2 protein chains.
Amino acid sequence: MNIDIRHLRYFSAVAEELSISRAAQRLHMSQPPLSQQIQQLESRLGVVLLLRKKRGIELTAAGAALAAEAKLVIARLEQAVDTVQQIGRGELGEIRIGVISSAMWGEFPDLLRRFHAGFPGVNWSVKELMPAVQVQALMERRIAIGFFRSAAQAPAIPPPSPAMLTAGTLVPPHESTLGSQHSSNSFHCCSTPTACARLILGITP
Amino acid sequence: MNIDIRHLRYFSAVAEELSISRAAQRLHMSQPPLSQQIQQLESRLGVVLLLRKKRGIELTAAGAALAAEAKLVIARLEQAVDTVQQIGRGELGEIRIGVISSAMWGEFPDLLRRFHAGFPGVNWSVKELMPAVQVQALMERRIAIGFFRSAAQAPAIPPPSPAMLTAGTLVPPHESTLGSQHSSNSFHCCSTPTACARLILGITP
DNA sequence: GTCAATTACGAGCTTCGTAACAATA
DNA sequence: TATTGTTACGAAGCTCGTAATTGAC
């Protein structure tokens, strides 16, 4: 009874086209394997889904139900994949940022604004922290990025792990050597895999 | 990018156990193929899901999200399969019944009562129809079963199609020769694949 | 003859298990 | 050494396409 997403995709096409041959065309495959897959699906379910009629096919009640359900399952899966990929690309998620209070007088607010424009799916929070506290928070992954001014205060922090949007690394950012030019300037920053590297660069894709 | 339900099942187990070896045990397979499948899943998604740590593994943010989503997709699929199988077994659906008014004085109400007790998932409706109208309705599949008394009025109706719970055939019922003993008695009836054959027999499984 | 579906069969890919390897406590 | 995960590789199974078959118009 091992139903597969492929079975659902195939059956969905057949149910929509009400024809195996047309569905096979739409699926870019030949009829016989599609016919086989539908038979296999019926056998695994133990349910007749199609009525082979003189001309083409017809759905049984169970077949009609499966056609509807299959679409839901497929849609749910595709949405799940999409969400996971967005998180993976750092376009969706949460990011915690530590700053020294004077950063709010500098270029930080504008950087954050650009970041938010580029990554509207990422929820951010900013917390005012003393430099030493930021370093501690970075090491414990409680913040993803720390903004402060003195390079001397930034110790070796383990390289970023994609585990969370809260991983951090030291200058130069692991993902982007471009980031180092910024970080040697007015502030030091620690980057996460993607989102943070882009934040550092002010990229708004 | 061809994600499979198997991938989701595997990853779900890994995410719950937070260990590939333990998950493999639970899945009754050996570790290496499971490890491979997870790698394949990551590659197809283009997303890192697990962090290989010194001791065991850890979920990334994307991995945690997928673990949650996967459960939903799997549950949705299993519920869909269940529903379709119930319909296929005639335990879920709708059935329209035609009767002559005098049937309500006979054994019909009790038959219906027993049917409903046996198939609580099947919604039924009873309509009073003249015998000739019942025959017409049966042929057009607008009713699943017709109750009337004269065998002479029942013509040849195509054999039952599992297409609907509204298919009908003539005495003796196609699925059950047992049914004929009833139908030669006080009423004639036309049966659908399962539910109706059972209805005729008054079976309450 | 054509159209639509099924059956038959072989090539190529996928998945799994076993064995060997690497790294860590 | 025991544990946990990865790499390597071959056998078994699965999926697909081509070709032949059936059945209805």
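No experiment lies behind these values; they were computed from the predicted model shown. The figures that follow rest on heavy atoms only: side chains count, while hydrogens, waters and symmetry mates do not. In what follows, chains carry the letters A, B, and so on, assigned in the order in which the sequence lines appear, proteins first and then strands, with residues in each chain numbered from 1.
For Gln25(B) and dT4(D), the CD to C1' distance is 12 Å, given to the nearest whole Å. Spacing between atom CE of Met29(B) and atom C1' of dT14(C) amounts to 12 Å, rounded to whole angstrom units. Atom CD1 in Ile3(A) sits about 14 Å away from atom P in dC14(D), given to the nearest Å. Here the P atom of nucleotide dT4(D) and the CG atom of Leu51(B) are 18 Å apart, to the nearest Å. Remark: P of dC16(D) and CZ of Arg9(A) are 13 Å apart, rounded to the nearest angstrom. Distance, His7(A) NE2 to dC16(D) P: 9 Å, rounded to whole Å. Put simply, CD on Gln36(B) is 9 Å from P on dC16(C), counting in whole angstrom units. One atom, CD of Gln31(A), and another, P of dA8(C), lie 18 Å apart when rounded to the nearest Å.
Using modelled atom types, one side-chain atom of Arg52(B) and one backbone atom of Leu50(B) make a donor-acceptor pair closer than 3.5 Å.
Map Leu34(A) and Ser35(B) each onto its nearest nucleotide of DNA chain D; the residue landing nearer the 5' end is Ser35(B).
Listed nucleotides dT7(C), dC16(D), dT15(C) differ in distance to Arg44(B); the shortest reach to its side chain belongs to dT15(C). Nearest to the side-chain atoms of Pro32(B) among the listed nucleotides dG17(D), dT18(C), dC16(C) stands dT18(C).
Using a 4.0 Å heavy-atom criterion, one finds that Gln37(B) contacts the sugar-phosphate atoms exclusively. Among the atoms of the strands shown, base atoms are found under 4.0 Å from some heavy atom of Ser30(B).
Applying the 4.0 Å criterion to OP1 and OP2 of dG5(D), one finds that Gln39(B) has every side-chain N and O outside that range. For dA4(C), neither phosphate oxygen OP1 nor OP2 lies less than 4.0 angstrom from any side-chain nitrogen or oxygen of Arg52(A). Between dG5(D) and Ser19(B), a contact under 4.0 Å exists linking OP1 or OP2 to a side-chain N or O.
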Apply the test side-chain hydrogen bond (donor to acceptor under 3.5 Å, both in side chains) to residues Ser43(B) and Gln39(B): give CA-CA distance (whole Å), side-chain angles for both, the deciding distance (0.1 Å), then the verdict. CA-CA 6 Å; Ser43(B) 139; Gln39(B) 286 175 48; over 6 Å; no
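With contacts defined as side-chain heavy-atom distances shorter than 4.5 Å, the pair Val99(A)/Leu129(A) does not qualify.
For the side-chain contact (heavy atoms from CB on, under 4.5 Å) with Phe11(A), the lone residue among Leu41(A), Ile3(A), Leu45(A) that qualifies is Leu41(A).
A donor and an acceptor atom, one from each side chain of Thr83(A) and Gln79(A), are located under 3.5 Å apart.
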